[in-house]
Amino acid sequence: MLPPSIFFTRLPVHTDIIAIAILYAGQLQLLASSTSRLHHSVLLRLRALHAHILASGFKPGNYLLNHLIHLYSKQGDIPSAHRLVQTAPLPDAVARTSLINAYSNAGDLYLARKVFEETPVLVRDTIFYNAMISGYSRAGKGLLAVCVFRSMLRDGFHPDDYTFTGVLSAGAYVVDLDLIQCQQLHCPAVKLGAEPLVPVSNALIALYSKCDSWDAGMHARQVFDNMPERDELTWTTMIVGYVRESDIFSARQLFDEMNERFDVVWNSMISGYVHHGHFTEAFEIFRRMLSLKLPLDEFTYTSVLSACANAGLFGHGRSVHARIIRNGPDFDPKSALPVENVLVALYSRCNKMDLARRIFDGIQMKDSVSWNTILSGYVNLGSMDDARPIFESMPRNSQLPWMVMMSGLVQSGFSEEALKLFNRMRAENVDPCDYTYAATFSACGDLGALEHGRQLHGQLIALGYESSNSAGNAIITMYAKCGAIEEAHFVFLVMPNVDFVSWNSIIAAFAHHGHGIEAINLFDMMIKEGLHPDRLTFLTVLTACNHAGLVDEGLRYFKFMQRDYGIIPGEDHYARLIDLLGRAGKIEEAKDVIEEMPFEAGPTIWESVLAGCRIHKNVEFAIHAADKLFMMIPRHHGSYVLLSNIYASFGRWEDVASVRKLMKDRGVKKEPGCSWIEVENTVHVFLVNDTSHPESHRAYIFLEVLGAKMRKLGYVPDTSFVLQDVESERKEYVLSTHSEKLAVAFGLLKLAVGAKVRILKNLRICGDCHNAIMFMSLATGRDIVVRDAKRFHHFKDGECSCGNFW
DNA sequence: ATAGGGTTAG
């Protein structure tokens, strides 16, 4: 092929037709000779030809001009195309159509619309309107496309089948599309007889599939059934429509009916199955793809890998990953990101954070999904130390990272940090959402920061989130943990949409405050309202029975749970039941339950036994339980403490000493989960927060008693504890209001009843701690044993005796 | 006379 300039000069230019021939010759030759990167050279050639035409003095007519405009538009040189449109002596619908299409393809709907508006109605035609409609349609601007369609009819133009394809596909983007709207778009297409045409019907099926109504799905199927012929897109659209409606069964039926399956359909089936949790079926389709040697693309891999991640199938996931590495990616490296992201999710999910991290570090262009995935990977494993640096270096302009981080911090016990993060979120101009509020409330609950929580509650209402269930449920729990049971109840009563979590929360609120009967009444109401209790609900109900001492009811609910709700009791349920029996002194029954359990009793069970034995001073069975515990978790601090407390209550100090020696020999260290007060010159009280412990409601009672006694001693416990260190330089420790009050109460509670606790923060309480513990002993009617470096102090009946351990 | 146009999915 000669270079265009020579080609051109050889031929006399008399008509548009010859120039067109040359234009096309040049373009077609290039199109044929190279498969990629033709864009630029075609454009150069086009410009050269254009220059020649101008230089030759030939004045292009409409015909040639339109071709030039079309070619410039197709090649993406919109400015040149636009200039030519403007230089044309008369406005021309054909030229404008090309230009509108060019702008629409470039995503510039505003300029496309401008060209559209600047074209007089007189010169417009149907195709011209169609260009604008499909432009809006492809951009997802459904309503605008429909508006253009209406103006088209108003201007007196006749829509054709292309018009309907555009309008129908635009309709699918209308938000909250209903059946009536679908039919309003459908009817004109039927009248014109355009319906049986494949693209029109395809668009119709897609339209009805997007509509959230069962009837609409039937309509889609009707269109499908009435089609005289179908193409791959017809099948795909119908199948994907079923998947969207969660009708995987029908989707699969259609899939099996297809003779020739388009690639996308396979992927749609897999991702449909994954989306609805049918992982086995997803793998089955994937295996068939493999055996048929079908091409796998990035969509196949992401779907299958996410199935592995969701099902926690590390082995499967790794072999798919190996396959990608072995075969080399079958997809455009540019599309690798979603695959890499899902690999990070897979390995995080399977506790292989080092592998996840390696893939994450290898991603060049990390997107927000990559960052969020690795962040939640660490957070879900409770590795907040790894999560923090990720959070600090990632983009934080969306709510998601804050949500993940805050809820992670709360769950790992860093409630104060979560509250700080909430403030930082605002400083960084990210609007808190109901989920971040929920995390914040839960932090307030853990810290006992009632006033802070109240203020946030007010803010939440002001922001209009009050109807959010996640926030509302968190608020109930927050008030409950702070001891404000009436407020918790009020929030529950005014919540617009109460779900089973709300019920669980309010039942737990009453149960943990010692209002066992009220909790059980609420539970009965919940059942009457037709809500489905889950295993957690029953766990709470058993707790409630525990508090109210309702042994028979507890047993009844335990049976009810299995018989009427098919919930298989877990170890935690059994532990509550045994706790209930043990507390009631029914050690023999507890033994029977342990015998009849379908599994071996684990540590939680024996801990409950031990606690029961302590209350009823059953040394024999306590020793048995402790032996089990020592075997299962030999370095569990709490078991030793419980046992030595039992010995102490009998005054068996030698045994206490031998337990302590055992601890020393075995290297049992104090754990964050179980600590006690150390009396030296100062006292350490740990802020604890396990309101789920059956005894924890007593903290609030203790708090009151303690407050009254301390006031007599001259302390001011209402707003803050201002305590003086007698020993050293009369330092003052000013402790804030609620969290520290709870800290003291919970710390002493732990001391008194051996509740399982978590340390959040160290506090130093100075002054006459001895007296405070004495009051505790009197208030609870319990013996309290405290040890310091050399001695133990046994508080009993308002007196304190000391003894030596060794 | 001629030139400008379509649907869809993970």
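Just so we're on the same page: letters track the sequence lines, and every chain starts at 1. Only a predicted model underlies this, so the values are computations on that prediction, with no experimental measurement involved.
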Touch check for A:V200, heavy atoms < 4.0 angstrom, all strands: base, sugar-phosphate only, or nothing? base
State, without any angle test, whether A:Y208 and A:H186 hold a side-chain donor-acceptor pair at a distance under 3.5 Å. yes
What is the distance, to the nearest angstrom, from the CG atom on A:L71 to the C1' atom on B:dA3? 11 Å
Please check if any side-chain donor atom of A:Y347 sits under 3.5 Å from a side-chain acceptor atom of A:R318, or the reverse. no
Please list, chain by chain and in numerical order, all residues satisfying salt bridge (charged side-chain N to carboxylate O under 4.0 Å, His left out) with A:D361, sequence neighbours excluded. A:R357
Heavy atoms only, 4.0 Å cut-off, all strands: where does A:A93 land among base, sugar-phosphate and nothing? base
Once you round it to whole Å, what is the distance between P of B:dT7 and CD1 of A:I133? 12 Å
N/O donor-acceptor pair, side chain A:S268 with base B:dG10, under 3.5 angstrom: no
Any donor-acceptor N/O pair under 3.5 Å between B:dG10 base and A:D297 side chain: yes
Identify whether any heavy atom of A:N101 sits under 4.0 Å from a base atom; if not, whether one sits that close to sugar-phosphate; answer base, sugar-phosphate or nothing. sugar-phosphate
Please confirm whether any donor atom in the side chain of A:D125 sits under 3.5 Å from an acceptor in the base of B:dG4, or the reverse. yes
Rounded to the Å, how far apart are A:L197 CG and B:dT7 C1'? 11 Å
Phosphate oxygens OP1/OP2 of B:dA3: is one of them under 4.0 Å from a side-chain N or O of A:K74? no
Check: B:dG4 base within 3.5 Å donor-acceptor of A:T97 side chain: yes
Side-chain H-bond candidate by donor/acceptor type, A:T234 with A:N202, under 3.5 Å: yes
Whole angstrom is fine here: how far is it from CG in A:N62 over to C1' in B:dA1? 14 Å
